[in-house]
Asks: 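Mind looking over this structure? Questions follow.
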2 protein chains.
Amino acid sequence: MPMVAPERRRRVTISDVARHAGVSKAAVSKVIRNDYGVSDAMRDRVQRSIAELGYRPQAAARALRGRAYTIGVLMQHIGIPFYAEIVTGLVDELAASDYQAIMIQGGTHDKTEKRAIDALIDRQVDGILMIAPLAGRSHLEQVAREIPTLVLGRHDRSPAYDSIVDDDRVGSELVMEHLIGLGHRRIAHITFDKAHGQAADRTPRIRAETYERVMREHGLAGEIAVVATSYTEEGGYRGAQELLSRTPRPTAIFAGADEAALGVLAALHEVGLSVPDDVSVAGYDNTKLAAHPRIALTTVNQDGVVMGRTAGRLLLERIEGRTSAAHFSVIPSLVVRGSTAAPR
Amino acid sequence: MPMVAPERRRRVTISDVARHAGVSKAAVSKVIRNDYGVSDAMRDRVQRSIAELGYRPQAAARALRGRAYTIGVLMQHIGIPFYAEIVTGLVDELAASDYQAIMIQGGTHDKTEKRAIDALIDRQVDGILMIAPLAGRSHLEQVAREIPTLVLGRHDRSPAYDSIVDDDRVGSELVMEHLIGLGHRRIAHITFDKAHGQAADRTPRIRAETYERVMREHGLAGEIAVVATSYTEEGGYRGAQELLSRTPRPTAIFAGADEAALGVLAALHEVGLSVPDDVSVAGYDNTKLAAHPRIALTTVNQDGVVMGRTAGRLLLERIEGRTSAAHFSVIPSLVVRGSTAAPR
DNA sequence: AGGAAAACGTGTACCGGTCTACGACGCTCC
DNA sequence: GGAGCGTCGTAGACCGGTACACGTTTTCCT
């Protein structure tokens, strides 16, 4: 039995396959890429050799001349459950193709994000999915000129790139109609203020405007109460403190994001107010924590998996050559849980 | 003013820089890589040209001959907060270097994980950080022979790769001493059973064994009660149901993971038992949910950021040529919150 | 029947870097 | 003054793929 020493075996290359199959490198390349001009017999032979030698093409070499078969995903931070859902959808969609998704963290500053985007470009990814990027529109367009780009979660569409966005108007209406339907009138809203961090996007404004509009439509213009902090647990906490100090205090709080809603819950817990008996609370995003029985937050669900799948499909289309821009708006749904009830 | 059309500008290459600076490609390459044999004057000139042209080297071309300046991070799923912490540490450590971290999802099956690992290898990453991989030890060693590898979160060390692991013995002791110190005697444990999914690692066993050992050391051998489900919310839920059906029911439950502890809380909530008055609950991992006031779970904290930083440092060392294996064991700490108290 | 187009394979330039070998230059030291 | 040596810089091979041009054979259409 020929015992081969496993020490530092040189990687199998396309030339090895070509030699083994008795054909040219170019032929092997064609077979791999399902390119035009390959007979069945040739394909069989080459594929047998590939399998036998355990050959896998080297991405760097491919990238240099053709494609890298890689989709880059940019996000601020990987620990965000909603982003994970999107990635799940994307990976799912790409599974059938030869493309692989890689994720990169952009962080919370323009500068670090730019470095991350550059890193993706330098690695010649074939497409970029940017989830809620911080970069300004002109920078996004500039990137899109070089690489097929899809921006997810931002309302400023552009002909240069595709976009997918949650219909925040619909989602906010769902929350508000739900609360008003329960009989609430003193409904407050916590929104995001630019002063508390970068928000390159209109999302918070849309949610806040919809809140105000629905209030007015129900003759509750006089009850409008908006606090601007940030879409974080701490922001929600501070916002709730502020709202609870007012008299009469609101009977319901619609936080613009689940993270903030968690802060609201914490603040209520601290002062001994019960949810939903004393105050109803609703969020937006349906993060994983929201579902836990001890939290049970009424919120708005955006189907991240569907968004991710759609993103994958659109990116592959772009890579295949589509030049017109596509813009999707995903309709969210309301998830009613224990944190909302009729006011006492 | 010469107005240059921005349409499809060809990317700046090393040759462009060389021409612009009036030197050879090799000289530019040396400057970029801080290689030996470059005079100060030369460095200045080249760097000025690089800045002026906005040149950035193309990773694929570098990878083909040298390095890709990329660290690949493999994880089952990106939405896990503890993993995100690790990545934060890693990114932090790499920030000073020229290396970039990219993440890839391995999923929960051997097969998908293998595909992800192959993808990283094919992209010629210079080092791989595997967070709690599913793959068998021999497969890990095989990968490590090709690429500097660090395995995080697994107890089976190997001379072929570096490893970082939480000292689960110490962590479990902290929990148990805490509970016993409060006066608990009927303490139950929920562990992970292979039947409920792949666990290529000994972590659950170590936690369970430590639980049993500490019980015996305190003369509580007769009170030992272990339920084997899984380290998931659902597993904790089922485990708690089982434990609560016993009489007398335990006064404290040590879940082997926070996820499971959340399930325990849900189960207790359902049957109307209060925490910590009726039952104390402790977890392990200090996930983000554990900290929320409505959850307030006593748990064990592993410093993911430190682990990530260490991982980065070790990988860079390996890439620089270290051949001996390094193994780190990180000492965890107890975080006491409201879910544990003296038994009534 | 005749010509165009499609089918199939090969050879080779090329992508953008890195690495090796080597030559030119300036300096020191007998 | 020339040998010896370290420094600086260049030319050109090379990495592993893909794209393109090209030649021959087969198929299709009128």
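In what follows, chains are A, B, ... by sequence order, proteins preceding strands, each numbered from 1.
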Asks: Looking at B:S15, I'd like to know whether one of its side-chain N or O atoms comes within less than 4.0 Å of OP1 or OP2 on C:dG17.
Replies: no
Asks: Using a 4.0 Å heavy-atom cut-off, does B:Y69 contact any base of the nucleic acid, only the sugar-phosphate backbone, or nothing at all?
Replies: nothing
Asks: Going by modelled atom types, is there a donor-acceptor pair between the base of C:dG11 and the side chain of A:K25 at under 3.5 Å?
Replies: no
Asks: Could you tell me how far apart B:D44 (CG) and D:dG9 (P) are, to the nearest whole angstrom?
Replies: 12 Å
Asks: For the side chain of B:S29, starting at C-beta, report the closest nucleotide among D:dT18, C:dT18, D:dT10.
Replies: C:dT18
Asks: To the closest 0.5 Å, what do you measure between NE2 (A:H20) and CG (A:D16)?
Replies: 10.0 Å
Asks: Using side chain to side chain donor-acceptor pair (under 3.5 Å), reason through A:S29 and A:R33 one step at a time and then give a plain yes or no.
Replies: CA-CA 6 Å; A:S29 177; A:R33 290 174 295 115; 3.0 Å; yes
Asks: Grab the CG-P distance between A:D126 and D:dT18 for me, whole Å please.
Replies: 12 Å
Asks: Whole-Å distance between C:dC14 P and B:Q58 CD?
Replies: 17 Å
Asks: Which nucleotide in the list D:dA11, C:dG9, D:dG17 gets nearest to the side chain of A:V38?
Replies: C:dG9
Asks: Counting only side-chain heavy atoms from C-beta out, which of C:dG17, D:dT10, C:dC8 sits nearest to B:I14?
Replies: C:dG17
Asks: Within this structure, what is the CG-to-P distance between A:D35 and D:dA19, rounded to whole angstrom?
Replies: 7 Å
Asks: Return the CG to NE2 distance between A:D166 and A:H155, rounded to the nearest 0.5 Å.
Replies: 6.5 Å
Asks: Using the side-chain heavy atoms of A:M42, tell me which of these nucleotides is nearest: D:dA19, C:dG9, D:dT18.
Replies: C:dG9
Asks: How long is the span from the CD1 atom in B:I104 to the OG1 atom in A:T70, to the nearest 0.5 Å?
Replies: 8.5 Å
Asks: Check if the side chain of B:R65 and the base of C:dC19 share a donor-acceptor pair of N or O atoms closer than 3.5 Å.
Replies: no
Asks: Closer than 4.0 Å, any side-chain N/O of B:T13 to the OP1 or OP2 of C:dG16?
Replies: no
Asks: Return the value, rounded to whole Å, for the distance between atom CZ of B:R11 and atom C1' of C:dC15.
Replies: 13 Å
Asks: Within this structure, what is the CG-to-C1' distance between A:N34 and C:dC8, rounded to whole angstrom?
Replies: 15 Å
Asks: Calculate the interatomic distance between A:Q124 atom CD and C:dG17 atom C1'; express it in whole Å.
Replies: 11 Å
Asks: Should A:Y36 be listed as having a side-chain N or O under 4.0 Å from OP1 or OP2 of C:dA7?
Replies: yes
Asks: Where the side chain of B:L64 is defined as all heavy atoms beyond and including C-beta, which of D:dT10, C:dG16, C:dT10 is the nearest nucleotide?
Replies: C:dG16
Asks: Would you classify B:R33 as touching base, sugar-phosphate or nothing, given that sugar-phosphate means primed atoms plus P, OP1 and OP2, and contacts are heavy atoms under 4.0 Å?
Replies: sugar-phosphate
Asks: Could you state the atom-to-atom distance from CD1 of A:I121 to P of C:dG16 in whole Å?
Replies: 16 Å
Asks: Once rounded to the nearest 0.5 Å, what's the spacing between atom CG of A:L152 and atom OG1 of A:T310?
Replies: 9.0 Å
